[in-house]
Number of protein chains: 2
Amino acid sequence: MTDEQRRPVKTATTSFAILERLKERGPLGPTKLASELGLAKSTVHRHLKTLEQEGFAVPDEGGYRVGLRLLDFGIYARNQHQFYEVAKPKVDELAEETGEKVWCVTEEQGRGFHLYGAAGKHSVRTPAREGTCSYLHQLAAGKAILSAFPDERVEAIVDQHGLPAKTSHTITDTDELFEELQTIRDRGFALNREEIVPKLHAVGVVVTDQDGYPVGAISISGPSNRLKGERLTVDLANLLLGAANEVEINLNFS
Amino acid sequence: MTDEQRRPVKTATTSFAILERLKERGPLGPTKLASELGLAKSTVHRHLKTLEQEGFAVPDEGGYRVGLRLLDFGIYARNQHQFYEVAKPKVDELAEETGEKVWCVTEEQGRGFHLYGAAGKHSVRTPAREGTCSYLHQLAAGKAILSAFPDERVEAIVDQHGLPAKTSHTITDTDELFEELQTIRDRGFALNREEIVPKLHAVGVVVTDQDGYPVGAISISGPSNRLKGERLTVDLANLLLGAANEVEINLNFS
DNA sequence: ACATGCGTTCGAAGGGTTCGAACACATTTA
DNA sequence: TAAATGTGTTCGAACCCTTCGAACGCATGT
């Protein structure tokens, strides 16, 4: 939003837009894609053939779908993060221990990516899945990460992505966000009370490196009537603080 | 190999080639990428900026690396396969039960993709990871899948991808492959004896739909001195046959 | 048999990509 | 200290490649 990219490679962007559409809409053919993207049928056709040749799209009943070649890239990208391998066992442990849904999230380009999630016995279904990219201010883990950034970095992220709302509880005001971040810094953990999904609460704690720079965060989420009061702000929060601490130590020696 | 693609979108191909290089070589900058790919520095620079804007590449120490946006796409692609969700719990169960490494693999465009793997207590480290794309004839699971294809489909795949060797035990001859596939059909399971990694053995069983078309395969792999004799060809094979059978039934009712 | 929808092919026209040279900048070398 | 080498970056021109729309085959359904 600040600096418009000077000359992006338009053709590549088109290919990516097609992939994105295939992801959002499921199997589609050239005709529908063309009309939805405002392109010529033949253009989309050619892109699809190229994507197919590369393994990024595959023919499926009544159109094309996203290919597994992207899983190869995606898993590789995840494995690049040492935070993932260190946090993963802790996430599994926390899910087992609490029975809720536990996530580790990392920041990239000002967005929060769900690296890995484990479902406890009583965990509920949420819109997030592995790989999901969310706004940081809409996540407990995301706000925990933001709280460890310098103010100017937070401002840059808000400038770039804005503060869109998911529910009426979502923080949409910059001043309010900074107040919240200060609260998080003071008490050590972030809370999410129906800020992304109604009736869904969460706690999140940031994991930082030696310099205090955030490498990610761990969160526990569940139904609001179970994640409330002292269980939320004392029991689960302390559990997370301990886990995050362990992960930080393990990160320093790997 | 049979029909050369007529007019692939060259520009998009270039972007993908850059991503592929970043995956193979780790963090690289425009200069090195340009020389390795035979492109102008400025061209690569522009592509990288575009990839960065899209979230497919991110600046990292001394260059760019593959971005987590690809994880978003990749996990989505995996979730599209109902075989994944049905087979996953069985894979976990088998890993627990056998202590070895268990995989579920599916075919796409004539290649085998490792959808999901679970490590048992005694499992060894192998070159495969989730998302890995392999030649079907080099995998126990891959050969099991091939055995369920009609001959002409197998021939088309061999034509397209060839039969490259990984070890001296890899099947590199078409006739030999067809003999092996017949053996697999007769006894119900596929074996891999150091055909992809020295000292590594595996058993694989195909999972088909109602029409007998292969939707994937499950395999167990481990060190050759542990996966041999009756344990390999009777105990583990029967375990897999039972698991595959269960998965097939569950697939029919989902 | 006709109509409508789809995927596919083709050639022309125009725009976008590519290239190399030149720039700024940091780090290393003399 | 200054030259030298290596980066990443910007710019404009030339050409190639993408884009478009129309037309074609081919299915399905009317």
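For the numbers below, each heavy atom of this structure counts, side chains included, while hydrogens, waters and symmetry mates do not. The shown structure was predicted, so the numbers you read here are calculated from the model rather than taken from an experiment. Labels below follow one simple rule: chain letters A, B, ... track the order of the sequence lines, proteins then strands, and each chain is numbered from 1.
- The phosphate of dT8(C) has OP1 or OP2 within less than 4.0 Å of a side-chain N or O from Lys49(A).
- Each of Gly38(A) and Lys32(B) lies near DNA chain D, and the nucleotide nearest Lys32(B) is the one positioned closer to the 5' end.
- Residue-to-nucleotide contacts include a donor-acceptor pair under 3.5 Å from the side chain of Ser42(B) to the base of dG20(C).
- Atom OH in Tyr64(B) sits about 9 Å away from atom P in dG8(D), given to the nearest Å.
- At a threshold of 4.5 Å between non-hydrogen side-chain atoms, the residues Lys49(B) and Tyr64(B) count as touching.
- The aromatic rings of Phe73(B) and Phe56(B) are tilted relative to each other, their planes meeting at an angle between 30° and 60°.
- Figure legend: Arg129(A) and Tyr76(B) shown without cation-pi pairing, the cationic atom not lying both under 6.0 angstrom from the six-membered ring centre and within 45 degrees of its axis.
- Side-chain atoms of Ile18(B) and Leu48(B), non-hydrogen and from C-beta on, do get closer than 4.5 Å to each other.
- Distances shown here put every side-chain N or O of Thr11(A) at or beyond 4.0 Å from the OP1 or OP2 atom of dG15(C).
- Between Arg46(B) and dT17(C) there is a side-chain polar atom (N or O) within less than 4.0 angstrom of OP1 or OP2.
- Side-chain atoms of Lys41(A) come within donor-acceptor range of the base of dG7(C), with a qualifying N/O pair under 3.5 Å.
- With sequence neighbours left out, Phe149(A) forms a ring-ring contact (aromatic ring centres under 6.0 Å, His included) with Tyr213(A).
- Inter-residue side-chain proximity for Val154(A) and Phe178(A) is flagged as met; some heavy-atom pair is nearer than 4.5 Å.
- Side-chain contact check for His137(B) versus Glu180(B): every heavy-atom pair is 4.5 Å or farther apart.
- Residue His45(B) places none of its side-chain N or O atoms closer than 4.0 Å to OP1 or OP2 of dG8(D).
- Here dT17(C) presents its C1' atom at 15 Å from CG of Leu48(B), a figure rounded to the nearest Å.
- Projected onto DNA chain C by closest heavy-atom contact, Leu28(A) and Lys10(A) fall at different nucleotides, the more 5' of which corresponds to Leu28(A).
- Between the P atom of dC6(C) and the CD atom of Glu36(A) lies a distance of 12 Å, rounded to the nearest Å.
- Listed pair Thr31(B) / dG8(D) meets the phosphate criterion, a side-chain N or O lying under 4.0 Å from OP1 or OP2.
- The separation between Ile18(A) atom CD1 and dG7(C) atom P is 13 Å, rounded to whole Å.
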Map every base of DNA chain D to its dot-bracket character, where paired means a Watson-Crick or G-U wobble contact with both distances under 3.5 Å and | marks a partner outside the strand.
||||||||||||||||||||||||||||..
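- Under 4.0 angstrom from either OP1 or OP2 of dT19(D) there lies at least one side-chain N or O belonging to His47(A).
- Rounding to whole angstrom units, CD of residue Glu61(A) and P of dT28(D) are separated by 15 Å.
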